[in-house]
Amino acid sequence: MNHPTFEGLVLAGGRSSRMGRDKALLMRGDETWMVRQARVLREAGCRKVRVAIGQGAAHELPGCDILVDRTSDVGPLEPMAHGLLLLQESHLVVLAVDLPDITTEFVQTLMARCDEERGCVPRTASGWEPLAAVYPRSLETQARDHLVRNILSLRKLVDFGIGANLLLPWDLDAGEQQILLNANHPHEIPEF
């Protein structure tokens with residue numbers, strides 16, 4: 001039996017309009033949120049890490065391939081589908097840049113819940129958390145199909161993956177849910 005292998009994708013292409021500045025460049029300690037997410041993915045065991053950025057952004061990150069959104073304003077499905085297309089390992093670990101409390105341990109637990117064929121998606125009281133999840137390579141065709149059909153919701157892709165037994169749910173307890181709180185407004189930036 002083969003064990004799953006992983007690559008990582010940091011989603012840093014949003015417009016950050018509610019934040020008023022680029023979230024990827026916000027600082028936690030001595031590193032930007034973008035650098036931090038890439039480091040967490042590497043520490044968790046991802047063999048390669050890519051960073052998806054929006055059109056017109058000029059981010060660079062040593063040791064990471066940069067994916068520039070091909071289409072603007074379609075959300076995270078487009079870079080995720082692109083990441084699945086480029087995937088050389090069996091699974092893609094996706095992390096949004098605006099999850100400043102994510103930990104290496106959380107990502108490792110998420111990866112450990114995967115098997116050779118299936119990824120894993122956390123579920124909170126609010127529903128699926130598709131921007132901190134692991135997707136198997138086998139979802140690439142469906143992701144592209146959703147793009148073509150303009151079904152841009154990642155939660156709909158997760159519903160498909162759960163129904164097709166390609167994704168496993170991970171129901172988070174209250175403490176685990178706190179790790180996935182995202183920051184969209186200046187007053188939500190955690191103090192470190």
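Only this structure's heavy atoms are used, side chains among them; waters, hydrogens and symmetry mates stay out. This chain uses plain numbering: 1 for the first residue, then up along the sequence.
H91 places no side-chain N or O within donor-acceptor distance of the main-chain N or O of M111, the cut-off being under 3.5 Å. Under the 3.5 Å distance criterion, the side-chain polar atoms of Q37 are matched with a main-chain donor or acceptor of L99. A donor-acceptor distance shorter than 3.5 angstrom exists from the side chain of S90 to the backbone of T5, with no hydrogens or angles considered. The main-chain N or O of P130 is found under 3.5 Å from a side-chain atom of Y135 such that the two form a donor-acceptor pair. The closest donor-acceptor contact from the side chain of E43 to the backbone of V40 lies at 3.5 Å or more, if one exists at all.
Under a hydrophobic-cluster definition in which Ile, Leu, Val, Met, Phe, Trp and Tyr are linked whenever side-chain heavy atoms come within less than 4.5 Å, directly or via other members, L95 and I66 are assigned to the same cluster. A continuous path of ILVMFWY side-chain contacts below 4.5 Å connects L152 to V94, so both sit in one hydrophobic cluster. With hydrophobic clusters built from ILVMFWY side chains whose heavy atoms lie under 4.5 angstrom apart, L139 shares a cluster with I162. Under the 4.5 Å side-chain heavy-atom criterion for grouping Ile, Leu, Val, Met, Phe, Trp and Tyr, M80 is not connected to L168 through any hydrophobic cluster. A continuous path of ILVMFWY side-chain contacts below 4.5 Å connects L41 to L180, so both sit in one hydrophobic cluster.
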**Study point:** Audit row: L147, E78, side-chain contact (heavy atoms from CB on, under 4.5 Å) steps and yes/no
**Key:** CA-CA 7 Å; L147 271 176; E78 189 274 328; 4.0 Å; yes
Exercise for review: Kindly determine whether Q142 and H146 satisfy side chain to side chain donor-acceptor pair (under 3.5 Å), including the steps that lead there.
Suggested key: CA-CA 6 Å; Q142 192 65 32; H146 277 214; 3.1 Å; yes
Exercise for review: With side-chain contact (heavy atoms from CB on, under 4.5 Å) as the test, would you mind laying out the steps for L167 and V158 before giving the verdict?
Suggested key: CA-CA 7 Å; L167 292 173; V158 169; 4.3 Å; yes
Point to revise | L86 and L67: CA distance, side-chain angles, deciding distance, side-chain contact (heavy atoms from CB on, under 4.5 Å) verdict | key: CA-CA 10 Å; L86 297 174; L67 301 180; 3.5 Å; yes
Exercise for review: Take V97 and L11, measure what side-chain contact (heavy atoms from CB on, under 4.5 Å) needs, and give me the verdict at the end.
Suggested key: CA-CA 6 Å; V97 77; L11 296 172; over 6 Å; no
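A pairwise comparison of heavy atoms in R137 and Q88 identifies NH2-O, 3.4 Å as the closest pair. Closest approach of G175 and D173 over heavy atoms only: N-OD1, 3.0 Å. Between V51 and C64, the closest heavy-atom pair is CG2-CB, 4.1 Å. When all heavy atoms of R123 and W128 are compared, the closest pair comes out as NH1-CH2, 3.3 Å. Pairing each heavy atom of A44 with each of V107, the nearest pair is CB-CG1, 3.5 Å. Among all heavy-atom pairs drawn from I102 and A132, the shortest one is CD1-CB, 4.4 Å.
With values rounded to the nearest 0.5 angstrom, E129 atom CD is found 11.5 Å from L154 atom CG. With rounding to the nearest 0.5 angstrom, the OG1 atom of T109 is 8.0 Å from the CD atom of E176. Put simply, CD on E116 and OG on S138 are 10.5 Å apart, with the number rounded to the nearest 0.5 Å. Taking NE2 of H82 as the reference point, atom CG of L87 lies at 12.0 Å (rounded to 0.5 Å).
Salt-bridge annotation for K156 and D159: absent, with no side-chain N of the basic residue lying under 4.0 Å from a carboxylate O of the acidic one.
Residues passing the side-chain contact (heavy atoms from CB on, under 4.5 Å) test with A164 are F160, L166, sequence neighbours excluded.
Among residues at least two apart or in separate chains, ring pair (Phe, Tyr, Trp, His ring centres under 6.0 Å) pairs with a member in residues 101-127 are F106-W170.
Among the candidates R47, R50, K48, the single residue satisfying the side-chain hydrogen bond (donor to acceptor under 3.5 Å, both in side chains) test with E7 is R50.
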